[in-house]
Engineer: 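First, the structure itself, so that you have it in front of you.
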Amino acid sequence: IAALYNAIPCPCPVFQKVHRPIRFVFHGTLARNRGILELLEAFSLVHGDFELYLHGNYTDISEEDYSSYCDKLGIRQSVHLCGPFDY
């Protein structure tokens, strides 16, 4: 059993099969104080078919630093650094 926060406020009693790979998306500032490095560490512990998409402005860490950290954690193929986006 898993909990999804910031999801729809009502329960869905019908099981629905998920798509593969499971896609997780983060939209926001890509900074140390946003917990992005911790998020990447958590995803390095996940086993299965998933992708993580990070959308946002880089502030105190560059895209290259995030990419290198993903390489170090062994999740580079599953993490997509999409950069800034227009609101």
Side-chain angles (χ1 to χ4, degrees):
I1 297 178
L4 288 177
Y5 297 99
N6 293 330
I8 57 172
C10 55
C12 181
V14 179
F15 173 79
Q16 295 191 10
K17 206 171 178 179
V18 297
H19 294 278
R20 295 284 185 220
I22 298 172
R23 291 181 182 96
F24 297 90
V25 179
F26 175 87
H27 284 178
T29 302
L30 301 172
R32 290 182 193 274
N33 69 352
R34 299 297 175 108
I36 305 302
L37 296 176
E38 292 80 5
L39 177 64
L40 294 173
E41 290 172 12
F43 268 88
S44 73
L45 302 174
V46 174
H47 299 287
D49 194 10
F50 76 92
E51 292 180 339
L52 173 62
Y53 290 81
L54 299 174
H55 296 265
N57 292 313
Y58 300 101
T59 58
D60 57 352
I61 302 179
S62 69
E63 182 175 351
E64 293 79 22
D65 291 337
Y66 279 116
S67 184
S68 295
Y69 196 63
C70 290
D71 287 336
K72 177 182 168 187
L73 294 172
I75 56 172
R76 186 65 195 102
Q77 296 301 316
S78 300
V79 176
H80 304 276
L81 301 167
C82 302
F85 60 95
D86 293 328
Y87 286 93

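All residue numbers in this chain count up from 1 along the given sequence. These figures come from a predicted structure and were not determined experimentally.
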Engineer: At their closest point, which heavy atom of Asn57 faces which heavy atom of Pro84, and how far apart are they?
Structural biologist: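 Here Asn57 and Pro84 meet closest at OD1-CB, 3.1 Å.
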Engineer: Do Tyr53 and Ile61 belong together in a cluster built from hydrophobic side chains that touch within less than 4.5 Å?
Structural biologist: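 Tyr53 and Ile61: separate clusters.
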Engineer: If you take all heavy atoms of Asp49 and Pro21, which pair is closest and at what distance?
Structural biologist: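 The answer is OD1-CB, 3.3 Å.
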Engineer: Please determine whether residues Leu39 and Val46 belong to a single hydrophobic cluster, defined as Ile, Leu, Val, Met, Phe, Trp and Tyr linked transitively by side-chain heavy-atom distances below 4.5 Å.
Structural biologist: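 Result: yes, single cluster for both.
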Engineer: What residue among Asp65, Leu81, Ile36 forms side chain to side chain contact (heavy atoms under 4.5 Å, CB included) with Tyr58?
Structural biologist: Leu81
Engineer: For Glu51, what residues pass the salt bridge (Lys or Arg N to Asp or Glu O under 4.0 Å) criterion, not counting sequence neighbours?
Structural biologist: Arg23
Engineer: Name all pairs fulfilling the side-chain hydrogen bond (donor to acceptor under 3.5 Å, both in side chains) condition that reach into residues 73-84, sequence neighbours left out, sorted by first residue then second.
Structural biologist: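 Output for this query lists Ser67-Arg76.
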Engineer: Give me the atom names and distance for the closest heavy-atom approach of Ser44 to Ile75.
Structural biologist: CA-CG2, 3.6 Å
Engineer: Please test Phe43 against Leu73 for side chain to side chain contact (heavy atoms under 4.5 Å, CB included), starting from the C-alpha separation and ending with a verdict.
Structural biologist: CA-CA 9 Å; Phe43 268 88; Leu73 294 172; over 6 Å; no
Engineer: Give the C-alpha distance, both sets of side-chain angles, the deciding distance and a yes or no for side chain to side chain contact (heavy atoms under 4.5 Å, CB included) between Leu40 and Leu52.
Structural biologist: CA-CA 9 Å; Leu40 294 173; Leu52 173 62; 3.9 Å; yes
Engineer: Determine the minimum heavy-atom distance between Leu37 and Arg32, stating which atoms define it.
Structural biologist: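 Closest approach of Leu37 to Arg32: CD1-NH1, 3.8 Å.
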